[in-house]
Amino acid sequence: MSFIFIGTILISALIVFALFFIGSGPLKPSRNTLLYFGCTFIIWAAFIIGFYSNLSAQLGEILWHGSWISLILIGLTIAFLEWKRSIFYSLFIVIIDLINLMFYGFSFLIGKM
């Protein structure tokens with residue numbers, strides 16, 4: 001499973017960097033979009049390396065919930081702002097945001113079992 005997750009991260013990062021360097025004018029993503037993808041990459045990488053499990057239980061839980069919920073809210077806000085510039089990036093952000101929401105929801109439900 002972790003290979004699939006790592007592959008998803010690498011493919012997402014490759015797409016974002018390719019769009020940033022290839023795109024020009026209206027096809028170029030805004031800085032907010034790149035900031036969102038950077039934050040997503042950092043939070044996914046922190047999950048993969050086990051950053052949250054290396055902290056104390058209470059601090060790890062606060063950072064886990066806070067980072068994922070804020071990432072989802074920031075993603076929805078940036079998708080709404082990006083809708084006027086580029087519908088393609090807005091939909092891409094919404095798809096990544098839905099993946100983050102499903103992952104957070106499933107991990108929250110499994111953690112409560």
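- Rounded to the nearest 0.5 angstrom, His65 NE2 and Ser107 OG are separated by 8.0 Å.
- In this structure, the separation between OG on Ser67 and CZ on Phe51 is 9.0 Å, given to the nearest 0.5 Å.
- Connection of Leu73 to Ile78 is established within a shared hydrophobic cluster, with ILVMFWY side chains joined at heavy-atom distances below 4.5 Å, either directly or through further cluster members.
- Counting heavy atoms from C-beta on, the side chains of Arg85 and Tyr89 never come closer than 4.5 Å.
- When each of Leu98, Asn100, Ile93 is paired with Ile96, the side chain to side chain contact (heavy atoms under 4.5 Å, CB included) condition holds for Asn100 and for no other.
- Looking at heavy atoms from C-beta onward, Leu71 lies out of side-chain contact with Tyr104 at the 4.5 angstrom threshold.
- Summarising the hydrophobic clusters (Ile, Leu, Val, Met, Phe, Trp, Tyr; side-chain heavy atoms under 4.5 Å, direct or chained), the residues clustered with Leu109 are none.
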Test Phe92 against Thr33 for side chain to side chain contact (heavy atoms under 4.5 Å, CB included), laying out the working first.
CA-CA 10 Å; Phe92 192 59; Thr33 304; over 6 Å; no

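- Side-chain atoms of Ser90 come within 3.5 Å of backbone N or O of Ala79 as a donor-acceptor pair.
- Ring orientation note: the planes of Trp68 and Phe103 are tilted relative to one another, at an angle of 30° to 60°.
- Evaluation of the side-chain hydrogen bond (donor to acceptor under 3.5 Å, both in side chains) rule for Asp97 yields Tyr36 as partners, not counting sequence neighbours.
- Rounding to the nearest 0.5 Å gives a distance of 10.0 Å between CG of Leu63 and OG of Ser70.
- Both Phe108 and Ile43 are assigned to one and the same hydrophobic cluster, defined by single-linkage of ILVMFWY side chains at heavy-atom distances under 4.5 Å.
- Between Arg31 and Leu35 the shortest side-chain heavy-atom distance does not fall below 4.5 Å.
- When the side chains of ILVMFWY residues are joined at heavy-atom separations under 4.5 Å, either directly or via intervening members, Ile69 and Trp44 end up in a single hydrophobic cluster.
- How far CG of Leu59 is from CG of Asn54: 11.5 Å, rounded to the nearest 0.5 Å.
- Taking the six-membered ring where the residue is Trp, Trp64 and Tyr52 present perpendicular rings, their angle passing 60° and hence far from 30°.
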